[in-house]
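Take a look at the structure set out below.
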Protein chains: 2
Amino acid sequence: MLRPSTATLADVAAAAGVGESTVSRVLRNHGSFSQKTRERVLAAATRLGYVPNRIAGTLASAGSRLVGIVIPSLANIVFPDVLRGASQALEAEGYQAVIAVSEYDMAREEAMIASMLAWRPAALMVAGLEHTPAARALLAASGTRILELMDLDGPSIDIAVGFSNREVGRASARHLLARGYRRIAYVGHDLAVDTRAAKRIAGFEEVLHAAGLALVDRETIPTASSIEAGQAGLERVLARAPRLDAVYFSNDDMAFGGYFLCMTRGISIPGDLAIFGYNGLAIGRVLPQPLSTVRTPRVEIGATAARLATENAPAQRVDLGFELVPGGTA
Amino acid sequence: MLRPSTATLADVAAAAGVGESTVSRVLRNHGSFSQKTRERVLAAATRLGYVPNRIAGTLASAGSRLVGIVIPSLANIVFPDVLRGASQALEAEGYQAVIAVSEYDMAREEAMIASMLAWRPAALMVAGLEHTPAARALLAASGTRILELMDLDGPSIDIAVGFSNREVGRASARHLLARGYRRIAYVGHDLAVDTRAAKRIAGFEEVLHAAGLALVDRETIPTASSIEAGQAGLERVLARAPRLDAVYFSNDDMAFGGYFLCMTRGISIPGDLAIFGYNGLAIGRVLPQPLSTVRTPRVEIGATAARLATENAPAQRVDLGFELVPGGTA
DNA sequence: CCGGAAATTGGCAGCGCTGCCAATTTTTCT
DNA sequence: AGAAAAATTGGCAGCGCTGCCAATTTCCGG
């Protein structure tokens with residue numbers, strides 16, 4: 001039975017009858033050593049149940065294999081998708097992801113950034129371009145590779161990987177206008193905290209205004225985005241502004257709520273009411289009428305960010321674009 | 001402008017005109033120091049843009065505030081929910097989550113466990129009770145607090161938090177039998193890799209057999225679970241065994257695929273065909289006919305595990321149960 | 001079989017911080 | 001005021017590992 005792993009490099013070295021540096025070289029497969037030595041060291045390490053201490057290794061070599069990721073939420077599949085792309089690419093390169101969830105709270109984000117920086121990560125990924133001034137200062141001064149994800153509308157600190165949310169809003173509005181919808185309402189979640197949703201609706205309204213139109217109504221749920229919130233939001237809008245053409249939801253989750261509310265109430269989609277979402281979630285594709293939405297390259301954004309984080313890339317902005325999915329609901 | 005954070009404790013000490021240990025005490029708010037000293041140290045730290053190096057701190061104090069979490073997948077919302085519960089509770093206690101995703105590959109899980117252990121985490125959470133022998137040995141010998149999540153059907157190493165998947169299967173079968181369904185098929189994803197899904201179907205069949213029945217058909221998609229896989233699976237089953245009463249899906253995602261296939265094909269639910277899922281996802285509750293399924297306490301499992309990880313709890317098994325949601329599809 | 005090049009190997013000084021202990025200063029009590 | 005107790009403070013030895021450099025061994029060509 002192995003004892004609670006307390007064996008150190010020195011123990012292995014003693015057991016194998018070689019020096020510490022030799023053990024270090026063998027275990028990292030770095031530098032030169034003879035085949036015979038290698039076997040002896042490996043045998044000793046196995047026998048002692050040696051587990052290297054990466055804390056010590058990192059301190060000694062000044063350079064961790066940790067990548068910090070600060071995301072706003074885990075409540076829907078969007079950020080897990082980003083994480084998935086990132087963690088897969090990171091693992092392939094021998095890096096590990098340390099994650100923190102800010103719950104869309106800027107002050108918490110700042111604290112988490114400071115906290116992550118204390119681990120001297122090889123890189124730090126954060127969602128979006130908006131941060132508290134102190135957080136921006138920390139990031140900029142850290143000397144760490146910084147990657148800002150999912151947004152390109154604004155100045156970035158180091159590397160930004162994503163797409164333009166404002167342009168997503170514009171494209172969505174153009175689509176609805178092209179299909180002939182004129183009396184359009186918006187149902188969204190808290191814009192003060194989700195700055196990317198705010199940028200989308202800003203782009204959306206920009207196009208509307210350019211066409212001499214305006215949102216007929218606008219319902220903002222002060223809670224996190226959810227299917228239930230979408231349902232409740234649409235309910236309230238319908239009570240206030242019954243003569244609507246179309247509803248633009250802040251994301252697919254909210255739109256699903258609206259979709260099923262219509263289904264339950266016998267409101268025909270898109271005849272009586274058109275529905276448009278954002279994200280391009282899988283379930284939207286198998287609805288009897290596929291959801292009209294905008295598909296975003298979430299996994300790819302995570303993967304690209306991970307690649308840039310581990311390469312020695314220059315500061316840059318990578319636009320991975322988005323795809324408008326016409327669907328059948330708008 | 002702050003220079004790329006290279007300031008060390010010693011720099012702050014020199015700038016403040018005090019000793020290193022004093023700075024350390026002030027910054028950790030631990031031990032005693034005068035108010036005047038405190039201010040001087042804090043001012044110096046701010047002026048230098050000092051960011052503590054937790055790598056060094058952890059090495060010196062032998063005890064990290066890191067908790068490793070190894071999960072099989074981020075492809076649907078299930079494990080993100082667990083992560084959410086865990087990360088929230090962990091952060092509240094000043095711990096940070098390091099995550100790794102094994103993609104349901106036992107060999108990768110083993111490598112990741114070894115990798116996490118190298119960070120000397122305060123605790124390590126893994127999904128399920130099945131691991132490679134080497135992984136089990138590593139976990140057991142690590143001397144680290146181990147938490148196995150989402151499964152109680154089998155021996156655990158240290159702490160297990162979850163519910164019985166086998167009992168979920170039994171309860172699901174009882175429900176279907178009580179509603180009069182007799183010709184039941186199963187549509188699931190790869191059972192060889194998802195051992196918890198395998199335990200559910202085993203429990204399900206156990207009850208069927210006890211009632212003198214057996215699964216009429218059984219379709220296993222050799223890929224990851226997904227809505228599309230559920231749809232394709234049901235399609236194939238219907239082609240083979242048209243006279244079915246009900247279909248038991250390995251999870252809600254798969255069930256949604258089936259649900260919408262029926263909707264599209266005009267198959268009435270549950271009149272022509274009953275559908276039963278597993279997980280209790282939010283979207284199932286807003287379908288025109290709410291999905292019949294089993295709701296699992298995912299967030300709570302994560303939170304409970306985090307609490308036990310940070311307390312000095314004894315080895316134990318915590319059954320958080322599950323809830324059968326009758327719904328309207330079975 | 002010898003000298004020099006190449007391959008191996010060990011020693012040891014840190015990496016930046018914390019914990020322990022002793023030294024110093026301040027406060028309290030008689 | 002003097003002694004004892006309490007509060008502050010600094011010094012310094014590690015934590016376990018890596019990087020550098022020098023020492024030792026092995027390998028080759030002539």
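Proteins come first, then strands; the chains are lettered A, B, ... in the order of their sequence lines, and each starts at number 1.
Rounded to whole Å, the distance from CZ on Arg65(B) to P on dC17(C) is 18 Å. Rounded to an integer number of Å, the gap from Leu48(A) CG to dG16(D) P is 14 Å. Rounded to a whole Å, the CD1 atom of Ile55(B) is 15 Å from the C1' atom of dT18(C). Going from atom CG of Leu9(A) over to atom P of dC15(D) covers 13 Å, rounded to whole Å. Residue Asn53(A) contributes atom CG, which lies 17 Å from atom P of dC17(C) at whole-angstrom precision. For the pair His30(A) NE2 and dC17(D) C1', the interatomic distance rounds to 14 Å; values are reported in whole Å. Across the protein-nucleic acid pair, Glu20(B) atom CD and dG14(D) atom C1' stand 13 Å apart, rounded to whole Å. Taking atom CH2 on Trp119(A) and atom P on dG16(C), their separation rounds to 16 Å, with Å as the unit.
For the OP1/OP2 pair of dC17(D) and a distance below 4.0 Å, the side-chain nitrogens and oxygens of Ser61(A) include no atom meeting the criterion. Taking 4.0 angstrom as the limit, Ser34(A) places none of its side-chain polar atoms (N or O) nearer than this to OP1 or OP2 of dA7(C). Close to dT18(C), at under 4.0 Å from its OP1 or OP2, lies a side-chain N or O of Ser24(B). Contact between the side-chain N/O atoms of Ser32(A) and the OP1/OP2 oxygens of dT8(C) is found at a separation under 4.0 Å. One finds a side-chain N or O of Thr37(A) lying less than 4.0 angstrom from the OP1 or OP2 phosphate oxygen of dT9(C).
Mapping Ala56(B) and Val18(B) onto DNA chain D by nearest heavy atom places Val18(B) at the nucleotide closer to the 5' end. Where Arg28(A) and Leu59(A) meet DNA chain D, the nucleotide closest to each residue was compared, and Leu59(A) sits on the side nearer the 5' end.
Contacts of Thr58(B) with the nucleic acid, taken as non-hydrogen atoms under 4.0 Å apart, are absent. Backbone-only engagement by Thr8(B) is indicated by non-hydrogen atom pairs under 4.0 Å involving sugar-phosphate atoms exclusively.
Between the side chain of Arg25(A) and the base of dG19(D) there is no donor-acceptor pair of N/O atoms closer than 3.5 Å.
Side-chain atoms of Arg54(B) and Arg65(B), non-hydrogen and from C-beta on, never get closer than 4.5 Å to each other.
The side chain of Ala60(A) lies closest to dT18(D) when the candidates are dT9(D), dG14(D), dT18(D). Listed nucleotides dT18(C), dC17(D), dT9(D) differ in distance to Thr22(B); the shortest reach to its side chain belongs to dT9(D).
No donor-acceptor contact under 3.5 angstrom links the side chains of Arg120(B) and Thr58(B), judged on distance only.
In this structure, Glu20(A) CD and Thr8(A) OG1 are separated by 7.0 Å, a value rounded to the nearest 0.5 Å.
Ile69(A) and Ala97(A) get closest at one heavy-atom pair: CD1-CB, 4.0 Å.
A donor-acceptor pair under 3.5 Å is formed between the side chain of Arg317(A) and the backbone N or O of Leu152(A).
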